[in-house]
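The structure follows.
Below, each value reflects all heavy atoms present in this structure, side chains not excepted, and no hydrogens, waters or symmetry copies. First the proteins, then the strands, lettered A, B, ... as listed; each starts at 1.
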Amino acid sequence: MSATAPDNARPVGTLLKRADFLRAARAGRAPMPGFLLQARERAAGEAEGIRVGFTCSKKVGNAVARNRAKRRLRAVAREVLPFAGCPGWDYVLIGRAGVTAERPHAALVADLEDALARVHRKRGSR
RNA sequence: GCGGAUGGCCGGACGGCCGCGGGCGGGUUACUGCCCGAGGAAAGUCCGGGCUCCACAGGGCACGGUGCCGGGUAACGCCCGGCGGGGGCAACCCCAGGGAAAGCGCCACAGAGAACAGACCGCCCGGAUCCGUCCGGGCAAGGGUGAAACGGUGGGGUAAAGGCCCACCGCGGGACGGGCAACCGGACCGGCACGGCAAGCCCCACCGGGAGCAAUGCCAAAUAGGGGCCUCGCGCCGCUGCCCUUCGGGGUCGGCAGGCACGCCCGAACCCGAGAGGCCCGGGUUGGCAGCACGACCCUUCCGGUAACGGCGGGGCCAGACGAAUGGUCGUCGAACCGGGGCCUGGCACCCCCCGGCGAACAGAACCCGGCUUACAGGCCAUCCGCAGCC
């Protein structure tokens with residue numbers, strides 16, 4: 001990916017702390033067919049770059065179903081966020097039961113691009 | 001060929017592009033090379049162990065578990081072999097399988113009667129009679145109830161019957177023989193006495209400290225390395241409860257049973273000791289490393305053993321994450337399934353072949369092992385048993 005568009009790509013970090021997930025949940029959200037996106041613009045001095053986390057609760061299914069949903073969300077984020085994500089933002093992708101594992105990959109990619117646009121626009125208009 | 005029984009194995013394949021975790025390297029950085037990377041159940045957390053910390057003076061009762069015999073094992077509630085009972089034509093499978101003459105309790109409904117048996121319908125004898133039956137006595141064979149009715153079948157005998165007597169079977173005892181044992185066989189004796197449930201309590205034998213890798217240890221960081229007040233305190237602690245004796249020091253009084261070196265051993269009461277809990281104030285960390293991947297490990301020649309398994313030798317290194325890697329995506333091929341056709345035939349089914357559709361079960365390591373249990377689309381192999389398609 002970096003080989004095809006080295007100018008636009010930005011590194012993406014990973015969310016690890018529970019507190020970061022909770023803060024993102026309180027900020028903006030964008031429901032989509034395949035998943036739910038939560039996003040937050042961090043305060044100054046918190047961390048650098050784009051960060052992303054994934055959540056699949058037991059509502060999604062057993063361990064196999066949860067892992068599969070997370071892996072597909074990770075794959076989608078890796079294709080989209082380096083270009084469409086904003087530095088200084090935290091994103092959290094939340095899996096949905098059934099849909100996240102079955103929806104075609106291309107549709108998920110489109111969903112994420114739409115969701116990011118909505119979240120960013122909402123922030124800009126505020 | 002079809003239907004079964006047992007044991008074992010597999011449980012999508014290949015490729016392109018893009019990635020993730022760990023290890024070993026190269027490079028000043030950017031980056032980059034090689035190797036390894038989920039399961040038979042990783043699951044349920046139901047047993048058993050290793051490991052770590054805590055507790056521990058001994059004993060008894062309670063409590064929990066196991067329950068034919070012998071062996072295997074670190075151990076087990078597991079496995080192997082055998083015994084007994086039950087099922088199946090068979091291969092083979094199943095069993096919570098110690099004790100019911102230690103004691104208590106229960107045995108619904110039905111039925112006359114359900115555990116110190118009993119008499120509803122009946123059978124027999126005698127008497128009475130208004131000829132319908134009634135009274136007294138004997139019997140438990142036949143009928144009926146029930147999960148179960150106090151031995152069964154046949155014969156003798158009898159007023160009618162009954163182990164009343166006899167034969168066989170069952171049951172109880174049992175010399176003796178076989179087996180390490182569970183147990184098996186059984187001369188002979190007994191004339192029938194002994195119902196079921198122990199998965200209701202119980203009895204017997206054996207086993208059992210508690211908590212868990214968020215254990216535990218080390219390092220780092222921090223204005224802190226804590227401070228203040230109160231309560232209880234003789235038994236405290238521990239493991240779920242209880243009981244008995246029991247700690248160290250001091251020690252008055254007492255005791256002479258015993259011993260001697262004649263004040264020591266012994267020792268009730270009493271005193272002291274270690275501590276526990278609660279509240280308030282103030283502050284720090286929510287990091288890193290070890291544990292944590294060489295082990296009751298895996299494969300295997302040979303040897304011992306019926307087997308589980310054990311032994312000698314050879315070879316191998318096989319996930320180590322912590323918001324948690326082991327993949328995402330796109331092709332090609334594809335098991336099974338569904339539909340259609342062909343082949344065979346009098347017809348149908350199976351098998352086989354062709355075309356189209358669909359497109360892979362249960363499920364994701366979290367300290368590690370040995371088991372059990374549960375889930376699983378389907379496929380393959382070996383050995384064994386039964387039957388030889390149907391109309």
Next on the checklist: When the P atoms of B:A5 and B:C93 are compared, how many Å lie between them, rounded to an integer?
Outcome noted: 11 Å
Checklist entry - Which one is paired to B:G64, where only Watson-Crick or G-U wobble pairs with both distances under 3.5 angstrom count? => result B:C207
Checklist entry - Taking the chi torsion of B:G40, is it syn (within 90° of 0) or anti (everything else)? => result syn
Next on the checklist: Distance check, C1' atoms only: B:G137 and B:A161, in whole angstrom units.
Outcome noted: 14 Å
Item to check | Watson-Crick or G-U wobble mate for B:C78, both contacts under 3.5 Å | outcome: B:G72
Checklist entry - With rounding to whole Å, what would you report as the distance between B:G70 and B:A62 at their C1' atoms? => result 34 Å
Checklist entry - With both distances under 3.5 Å as the test, what is the Watson-Crick or G-U wobble partner of B:C34? => result B:G23
Checklist entry - Across all strands, who's sitting opposite B:C352 as a Watson-Crick or G-U wobble pair, both distances under 3.5 Å? => result B:G342
Checklist entry - Would B:C318 be called syn or anti, given that syn covers angles within 90° of 0? => result syn
Item to check | Spacing of the C1' atoms in B:A91 and B:A96 (rounded, Å) | outcome: 29 Å
Checklist entry - Looking at the angle O4'-C1'-N9-C4 for a purine or O4'-C1'-N1-C2 for a pyrimidine, is B:A193 syn or anti, with syn meaning within 90° of 0? => result syn
Next on the checklist: Taking B:G287 as the reference, what is the distance to B:G208 when you measure between their P atoms (whole Å, please)?
Outcome noted: 43 Å
Checklist entry - Does B:C362 have a Watson-Crick or wobble partner in any strand here, with both distances under 3.5 angstrom, and which is it? => result B:G39
Checklist entry - When syn is taken as a glycosidic angle within 90 degrees of 0, is B:C194 syn or anti? => result syn
Checklist entry - Across all strands shown, which nucleotide pairs with B:U28 by Watson-Crick or G-U wobble geometry, both distances under 3.5 Å? => result none
Checklist entry - Across all strands, who's sitting opposite B:C197 as a Watson-Crick or G-U wobble pair, both distances under 3.5 Å? => result B:G105
Checklist entry - How many angstroms lie between CZ in A:Phe35 and CG in A:Leu108, if you round to the nearest 0.5 Å? => result 6.5 Å
Checklist entry - What heavy-atom pair brings A:Leu37 and A:Leu112 nearest, and what distance separates the two atoms? => result CD1-CD1, 4.4 Å
Next on the checklist: Output the rounded distance in Å from OH (A:Tyr91) to C1' (B:G323).
Outcome noted: 19 Å
Checklist entry - What integer number of Å spans the P atoms of B:A293 and B:G277? => result 39 Å
Next on the checklist: Say we look at B:C239 and B:C54: how far apart would their C1' atoms be, to the nearest angstrom?
Outcome noted: 11 Å
Checklist outcome for this item: The Watson-Crick or G-U wobble partner of B:A377, with both key distances under 3.5 Å, is none
Checklist entry - For atom C1', what is the distance between B:A365 and B:U326, given to the nearest Å? => result 10 Å
Checklist entry - So, is B:G163 syn or anti if syn means the angle is within 90° of 0? => result syn
